[in-house]
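The block underneath contains the structure these notes are about, expressed in structure tokens.
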Amino acid sequence: MIQESPEADLFKQQLRDSLQRETSNSRAVKFARHANVYTCGDRDDMVYFIESGQIKLLMLSSEGKECLLAIHAAGDIFGELCLAGSSARLETATAMKPTLVKQIRYAQFFARLARDSLFEGFVRYLAVRVADQQQVIANLVTVDSEQRLGKTLLQLARTMGKKDPRSIRIELRISHEELSEMVGTTRPRISMFMQRFRNLGLIEMSAEHFLIIKENKLTAYLAQIA
């Protein structure tokens, strides 16, 4: 995964503030858990901004197997592939819990970026997303499933977690089935690896059932087994 710089973090906050201003008078659309915001093949020209909740993006292989591309939380955008000019969706966006989103037409989205001088930051933001996807593809080809799981947990922790002095807490409910879709292996193997990580003290579960990642320990373990 590409480590995000302080500049990238600043841009993401600026983009969130900008889109909150842009959609301040727009009605938020509520999606129940497991409801689709859109499905592969749907046509629209909207970028979506998450006010609260979680969205996962899925693609289907030719064999009908699901691949989980990304998980987004409050303050994130998704659906930005419509900016490429193709209105047909290539992925499915599904709510992981009750979620509120606002819709922004792509022309309106571009106008807001121009108004707030955010084009340069947005290009860098997209470049980081492309680099992350390339890393995922490379891992699928070159790294075994245990290492892919460890790298996936670190990516989730670094992008969506909350740090404390010795670990990172992921306050997302991510099932072993969803992890299997991200890693590209079976759910039983995910459960086996997760148990191994717990036994080695690389991860823990909090009293609230949040996943706690021991970042330094997990990073060192993955380097050891590489």
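Counting from 1, the numbers follow the sequence of the chain as shown.
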key: Aromatic ring pairing Tyr125/Phe11, orientation class (parallel under 30°, perpendicular over 60°, tilted between)   =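 Geometry flag for Phe11 against Tyr125: tilted rings.
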key: Criterion side chain to side chain donor-acceptor pair (under 3.5 Å) on Glu177 and Ser175, from CA distance to verdict   = CA-CA 5 Å; Glu177 185 66 34; Ser175 69; over 6 Å; no
How long is the gap from [atom1] on [X] to [atom2] on [Y], to the nearest 0.5 Å?
{"X": "Ile77", "Y": "Ile104", "atom1": "CD1", "atom2": "CD1", "answer": "8.0 Å"}
{"X": "Arg129", "Y": "Leu69", "atom1": "CZ", "atom2": "CG", "answer": "11.0 Å"}
{"X": "Thr99", "Y": "Lys30", "atom1": "OG1", "atom2": "NZ", "answer": "9.5 Å"}

query = Which pair of heavy atoms, one from Ser145 and one from Arg189, lies closest together, and at what distance?
reply =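 Where Ser145 meets Arg189 most closely, the heavy atoms are OG-NH2, 3.0 Å.
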Is there a path of hydrophobic side-chain contacts, each under 4.5 Å between heavy atoms of I/L/V/M/F/W/Y residues, joining [Y] to [X]?
{"X": "Met46", "Y": "Val29", "answer": "yes"}
{"X": "Tyr221", "Y": "Ile203", "answer": "yes"}
{"X": "Met205", "Y": "Ile212", "answer": "no"}
{"X": "Leu90", "Y": "Val130", "answer": "no"}

message = Check Asp116 with Arg112, please: is the shortest side-chain N to carboxylate O separation under 4.0 Å?
response =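 Counted as a salt bridge, because a side-chain N and a carboxylate O are separated by less than 4.0 Å.
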key: Pairing of Glu51 and Lys102 as salt bridge, 4.0 angstrom limit   =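 So Glu51 pairs with Lys102 through a salt bridge.
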task = Quickly, which of Asp44, Asp42, Asp45 forms a salt bridge (Lys or Arg N to Asp or Glu O under 4.0 Å) with Arg89? Name it, please.
result =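 Answer to the salt bridge (Lys or Arg N to Asp or Glu O under 4.0 Å) test with Arg89 among Asp44, Asp42, Asp45: Asp44.
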inquiry  = side chain to side chain donor-acceptor pair (under 3.5 Å), that's the test. Do Asn216 and Thr219 meet it? Break it down for me.
reply    = CA-CA 5 Å; Asn216 293 339; Thr219 300; 5.6 Å; no
inquiry  = Regarding Arg198 and Gln195, do their side chains bring together a donor and an acceptor under 3.5 Å, going by distance alone?
reply    =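 Short answer, yes.
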message = Quick check: Tyr48 with Tyr38 (ring centres under 6.0 Å apart)?
response =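 Yes, the ring of Tyr38 comes within the 6.0 Å limit of the ring of Tyr48, centre to centre.
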